[in-house]
Structures are given as structure tokens and as C-alpha cells.
Amino acid sequence: AIREIITVPNPLLKQISKPVEGGVTDALRALMDDMLETMYDAPGIGLAAIQIGEPVRVIVMDLQENEEKHPRYFVNPEIVWASEDTSPYDEGCLSVPEVYDEVLRPARVKIKYLNYQGEEIIEDADGLYATCIQHEMDHLNGVLFIDHLSKLKRDRAITKVKKLRRAA
Ligand SMILES: O=C(O)C[C@@H](Cc1ccccc1)C(=O)SCC(=O)c1ccccc1
Ligand SMILES: [Zn+2]
């Protein structure tokens, strides 16, 4: 089912999400299916469970490379290594609609997570995959991409989203 995406300002988005206990169950897979459906509908390329109000450490992603659907699921993801060198990207966020700004993040990361089947995966990420997984991992720690910007830019972003909401 398509779920409502929480937008700023909302204290829920600042919560630290809790690790999933008890492995990847059918109930957890149902949540990940809802997250993916919600993400495609938005549309977006990633979604953290907290963005639909579920404070658990679960992320879905589909970078939609060359138009094929390639969904990825991450349960209890961890960044186990990050490169010194960084790369900029004009990020957006479904919880901060119609705001885009440049964020610098490590260019490459090594991640460890459980996949849809509950298998442990260790994987290297670079490019948009690296940028997106770090953006989603921030969500699990209550951090939004605008928290990496100046206070001035952050306040302007929140003011802009408030105006959008009134107009809706
Ligand atoms: O809020 C989110 O986590 C989703 C966010 C993920 C993200 C985008 C860009 C850089 C880092 C992380 C989005 O998907 S915003 C929407 C967006 O960027 C997009 C939407 C449709 C097609 C392609 C990109
Ligand atoms: Zn986001």
C-alpha cells in the first residue's frame, strides 16, 4: 500500500531508528514492499522507513539505471568503510520536497546489511549508489541532507516546504 511520506518540519524525522530484531520476517517484507511502492509513486530513488513513520533501520532503493527496475532492500545497514575523497551531488529528499542543494559525501563506501532474503551482504558502493545510501543512512540517524547545509539555507528550505504545504 502507498503510505504517507512525512515532511519537514516534523520531530519524528529526527528520531534514531531502532535495529530490526528477529531477522527478516514476512511482516518486515510487507513493510519493505509498502516502502518500495510508496517510493515509486513519489517518485524517488530511495526511502528510509522513518519517512513513512516506522522508526526501524530499513531502507529501500532503486536508482532506476537505464529505465530498468532494480529494487534494493537494506535491513540493519552499516557503513563499515568510507573513502577519504569526497564527491558533491545536488541532493533532494522526499521529506523536503522541491528543495535541491549540493552535499559533499565520501565518494565510495563499503556497506554491510541483510537483504530481502535475510542474507548478510558486504558490498562496495560508488557514484549515485554511494551518495544515496549515505543519504538514507542519515535518515536512520535522524539527519536530513539540509542538516549538512548552512543554517540560512536550512531555514529557507523549511520555510519553502511550509509554504508548499499551505498551498496544497
Ligand atoms: O528522501 C529520500 O531519501 C529520497 C531521495 C533520495 C536521494 C536523491 C538524490 C540524492 C540522494 C538521495 C530522492 O529520491 S529525492 C527525488 C529524486 O532525487 C529523484 C526522483 C525521481 C527520479 C530521480 C531522482
Ligand atoms: Zn531523504
Side-chain angles (χ1 to χ4, degrees), residues 1-18 20 31-79 82-83 85-111 113 116 123-150 153-162 164-165 168:
I2 292 174
R3 310 272 283 265
E4 185 188 347
I5 294 175
I6 297 170
T7 56
V8 297
N10 191 318
L12 273 176
L13 291 169
K14 293 190 181 306
Q15 276 183 82
I16 309 270
S17 297
K18 292 173 193 54
V20 168
L31 170 64
M32 294 193 282
D33 294 345
D34 279 359
M35 288 171 65
L36 201 64
E37 195 181 349
T38 301
M39 185 196 80
Y40 284 136
D41 176 70
I45 58 173
L47 193 72
I50 189 65
Q51 293 179 273
I52 59 168
E54 306 273 354
V56 288
R57 301 185 83 81
V58 177
I59 290 164
V60 297
M61 188 185 302
D62 187 340
L63 302 177
Q64 287 150 22
E65 295 116 337
N66 47 60
E67 302 316 308
E68 282 145 48
K69 287 204 172 179
H70 180 199
R72 290 183 166 98
Y73 308 85
F74 307 85
V75 175
N76 295 341
E78 295 166 53
I79 294 176
S83 63
D85 58 309
T86 60
S87 54
Y89 195 91
D90 256 347
E91 299 191 9
C93 182
L94 296 175
S95 296
V96 191
E98 301 187 31
V99 171
Y100 292 88
D101 214 322
E102 185 173 291
V103 178
L104 263 185
R105 297 183 190 271
R108 291 179 312 289
V109 290
K110 187 183 285 287
I111 51 179
Y113 61 94
Y116 195 82
E123 191 171 59
D124 293 327
D126 64 3
L128 180 54
Y129 186 10
T131 294
C132 189
I133 195 61
Q134 292 177 83
H135 174 113
E136 305 306 335
M137 293 284 300
D138 266 357
H139 275 299
L140 303 185
N141 297 323
V143 174
L144 297 172
F145 85 97
I146 55 174
D147 297 327
H148 296 288
L149 306 178
S150 67
K153 283 190 168 185
R154 183 164 49 256
D155 292 347
R156 282 185 176 158
I158 291 169
T159 303
K160 179 177 179 181
V161 175
K162 281 179 175 172
L164 286 177
R165 183 178 296 140

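Indexing begins at 1, ligand by ligand and atom by atom, following the structure's order.
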Exercise. Got a donor-acceptor contact below 3.5 angstrom from the Arg108 side chain to the Asp126 backbone?
Worked result: no
For this session: With sequence neighbours excluded, tell me which residues meet ring-ring contact (aromatic ring centres under 6.0 Å, His included) with Tyr116.
Result: Tyr73
Exercise. Taking it one step at a time, do Leu31 and Ile52 satisfy side-chain contact (heavy atoms from CB on, under 4.5 Å)?
Worked result: CA-CA 10 Å; Leu31 170 64; Ile52 59 168; 4.0 Å; yes
Exercise. Do the side chains of Asp138 and His148 get nearer than 4.5 Å, heavy atoms only?
Worked result: yes
Exercise. Do Gln51 and Leu12 touch side chain to side chain, with heavy atoms closer than 4.5 Å?
Worked result: no
Where does ligand 1 get N/O contacts under 3.5 Å from the protein, atom by atom?
{"unit_1": "ligand 1", "atom_1": "1 (O)", "unit_2": "Gln51", "atom_2": "NE2", "d": "3.0"}
{"unit_1": "ligand 1", "atom_1": "1 (O)", "unit_2": "Leu94", "atom_2": "N", "d": "2.8"}
{"unit_1": "ligand 1", "atom_1": "3 (O)", "unit_2": "Gln51", "atom_2": "OE1", "d": "3.4"}
{"unit_1": "ligand 1", "atom_1": "3 (O)", "unit_2": "His135", "atom_2": "NE2", "d": "3.3"}
{"unit_1": "ligand 1", "atom_1": "3 (O)", "unit_2": "Glu136", "atom_2": "OE1", "d": "3.0"}
{"unit_1": "ligand 1", "atom_1": "3 (O)", "unit_2": "Glu136", "atom_2": "OE2", "d": "2.7"}
{"unit_1": "ligand 1", "atom_1": "14 (O)", "unit_2": "Ile45", "atom_2": "N", "d": "2.8"}

For this session: Test salt bridge (charged side-chain N to carboxylate O under 4.0 Å, His left out) on Asp101 and Arg156 and set out the steps.
Result: CA-CA 12 Å; Asp101 214 322; Arg156 282 185 176 158; over 6 Å; no
Problem set entry | Heavy-atom pair of closest approach, residues Gly44 and Gln64 | O-NE2, 3.5 Å
For this session: May I ask you to test the Ser17-Val56 pair for a side-chain heavy-atom distance under 4.5 Å?
Result: no
For this session: Would you please name every residue forming a ring-ring contact (aromatic ring centres under 6.0 Å, His included) with Tyr129, sequence neighbours left out?
Result: none
Seminar exercise, completed: Listing protein N, O or S under 2.8 Å around the Zn ion (ligand 2) gives Cys93 SG, His135 NE2, His139 NE2
